[in-house]
Amino acid sequence: MRHLIDPLDLSVAEIGRLLDLADRIAENPKKYSQVCSGKKLATLFYEPSTRTRLSFEAAMLNMGGSVLGFSSADSSSASKGESVADTIRAVSCYADICAIRHPKEGAPLRASGYSGIPVINAGDGGHQHPTQTLTDLMTIRAKKHRLNHLTIGLCGDLKFGRTVHSLIKALSRYEDIRFILISPEELRVPDYIIDNVLKAQNIPYREVENIEDVISGLDILYMTRVQKERFFNEEDYIRLKDSYILTAAKMKNAKPDMAVLHPLPRVNEIALEVDGDPRAAYFDQVQNGVYVRMALMMTLLEVEHA
Amino acid sequence: MLNIDSLEKGIVLDHIRAGSSMKIYDLLHLANLDCCVAVIKNAKSSKFGKKDIIKIEGTADIDLDVLGYIDHNITVNIIDDGKIIEKKQLVLPKILKNVIKCKNPRCITSVEEEIDHIFRLTDDSNQRYRCVYCEQEYQDKSEGTAG
C-alpha cells in the first residue's frame, strides 16, 4: 500500500506517469467518471481549508466515488483528545483512501503508520504539501512544456510556506533547475531545505530580498502570501509586505513566457490587474489540482485506467 | 577504585566524560535492569584527568548504539570469564529512537501521546539529527533527553 506524505515518496518516473494521467483526464474527464464507483474518500481536515478539501472532494465525486469526513478539529473526536493514530485506525474501517490536513507537522506520517488505507498528506503545518506540488508541476509542465532547464523564483513566506518546501524538494530532482529565493530575512527557507536539498545536491540558488532585481531572469515566479501573523514586529511587516505585491509594472520586466503561479488564497500579493495577463497561471492551478488529485487517487487505489 | 577484572561477565563503559555517567544511566534505562550496576564517578584517568565508569553485570540487553550519539569516545568493553573479550567501536547511530525529544512546537510529537521520538542522522560530519516528523534539527545535545 502506498501513501503520499512527502513529495519524494514519488519517483520522477512516477510523477511523470501521474501527470500524463492527469493530462488524459483533463482531455476527457467523462471517460473517468466512474473509475472510483463504490470507493470512499475520507477528508480529515483538522484545520480550515476551502480549496484543498473541495478539490479532493470534487476529484473523488468526478470519478463516481463518495466522500465523508470533517472540516475542523472542533467537529472531530480530536476535540475530545483522540489521537491521530486512533482516528486513522477507525477511519480505515469506513473509507478506502484518506486525505489529511493537520496543523501539526508530521501528523500525516504518524497517521500512515497506523492506517489500513492510503494516506495523502493534504498539508501539515508549515512543513509539506505534496498534492499542491503535483498541481504546480502539472501547471508548470503545461505552461513551459518541460520540468527541467528552469529558473524558478519563489517569493514571499518561504519559511512557513509548505507549498514552497514541497515544490523545491520535487523540482530538485530535475535537470538544470536553479532557484531564486525572494523573501525578507525573517522568512527565509528553513535550513533543512537548504542543507538537505539544495546544498546536498549542489543545486544553484540565491537568496534575495527584492523581486525587481531578479524578475527578468525567471521562467517561473511562484508567489506566496507574506503572513502578517508570522512577524513579531508589525513595523517589519508593513515595511516588507509591499515589496511583494506583483503588479503589471513589475511584470513588464519579466520574460514574455514567464508563468506566475500562486497556491492561493491570494490576499494582496498579486494585483488584480495581473489576472488578465496571459502569464498568470494561478487559476489554471485550481483546475489542474482536481485532475491531478483524480490521477493520484486512481494511482494509490490501483484503479484500472479507463 | 574497582577493577574491570572484578566483573566476571558483563559490560564496562569506560572513559565516560566526568559527570556524564548519570545521564548515560538514564538514557540506557539502567535503573530497569535486574542486575548489579556500578556507577563510578570521578575516577582517575591518565587521558582525561577524571572520568566516569559504569559496570553492568551479566548479559543485559542494552542499546549500546545510543552511546555513539552521546560520546563516541566512550570505550565499551565486553567482559566474559573475567577478561575483555571485545572492545566495541562506537559510531553515530543512523536512527535515534526515544533518546532526544523534538523541540518544535509545531511538530506532531508535541501533542500526540505514546509517540516515539525518532531522529534520523542527516549529516555525518556535523553530527546533525533531524526529527522524522517535522525535519527540525536537534540543536542541543545537553538538554531534553528522554528518560
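Remember, predicted model here, so these are calculated numbers, not experimental data. The chains referred to below are lettered A, B, ... by the order of the sequence lines, with proteins before strands, and numbering in each begins at 1.
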Carefully, step by step, assess A:D191 and B:R128 under the rule salt bridge (Lys or Arg N to Asp or Glu O under 4.0 Å). CA-CA 12 Å; A:D191 66 349; B:R128 281 188 176 164; 5.6 Å; no

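Taking a 6.0 Å sphere around CD of A:Q201, one finds it holds more than 12 heavy atoms contributed by other residues, nucleotides or ligands. With a 6.0 Å radius and a threshold of 12 heavy atoms from other residues, nucleotides or ligands, B:D34 has its CG atom at or below the threshold. By the 6.0 Å contact criterion, CZ on A:R188 is enclosed, its count of non-hydrogen atoms from other residues, nucleotides or ligands being greater than 12. Within 6.0 Å of atom CZ in A:R206, 12 or fewer heavy atoms from other residues, nucleotides or ligands are found, so the atom counts as exposed in its surroundings. Heavy atoms from other residues, nucleotides or ligands lying under 6.0 Å from CD of B:E86 number more than 12.
With A:E105 as the fixed residue, the side-chain contact (heavy atoms from CB on, under 4.5 Å) test singles out one of B:N104, B:I108, B:T109: B:N104.
Contacts of A:A200 with chain B are absent, with no heavy-atom separation under 4.5 Å from either backbone or side chain. Of the atoms belonging to B:S110, it is side-chain heavy atoms, and not backbone ones, that fall under 4.5 Å from chain A. Neither the backbone nor the side chain of B:D123 comes within contact range of chain A, judged by heavy atoms closer than 4.5 Å.
Side chain of A:K104 to backbone of B:E112: no donor-acceptor contact under 3.5 angstrom is found.
One finds no salt bridge joining B:D116 and A:R110 here, because no Lys/Arg side-chain nitrogen approaches an Asp/Glu carboxylate oxygen to under 4.0 Å. Contact check on B:R106 versus A:D124 returns no salt bridge, with no Lys/Arg side-chain nitrogen under 4.0 Å from an Asp/Glu carboxylate oxygen.
Considering all non-hydrogen atoms of both residues, B:V132 and A:L109 come closest at O-CD2, 3.3 Å.
With sequence neighbours left out, the side-chain contact (heavy atoms from CB on, under 4.5 Å) criterion links A:K169 to A:D6, A:P7, A:L8, A:Q128, A:I193, A:V197, B:E135.
One finds the OH atom of A:Y192 at 9.0 Å from the CD atom of B:Q136 (value rounded to the nearest 0.5 Å). Separation of atoms CG (A:N196) and CZ (B:R120) is listed at 10.0 Å; rounding is to 0.5 Å.
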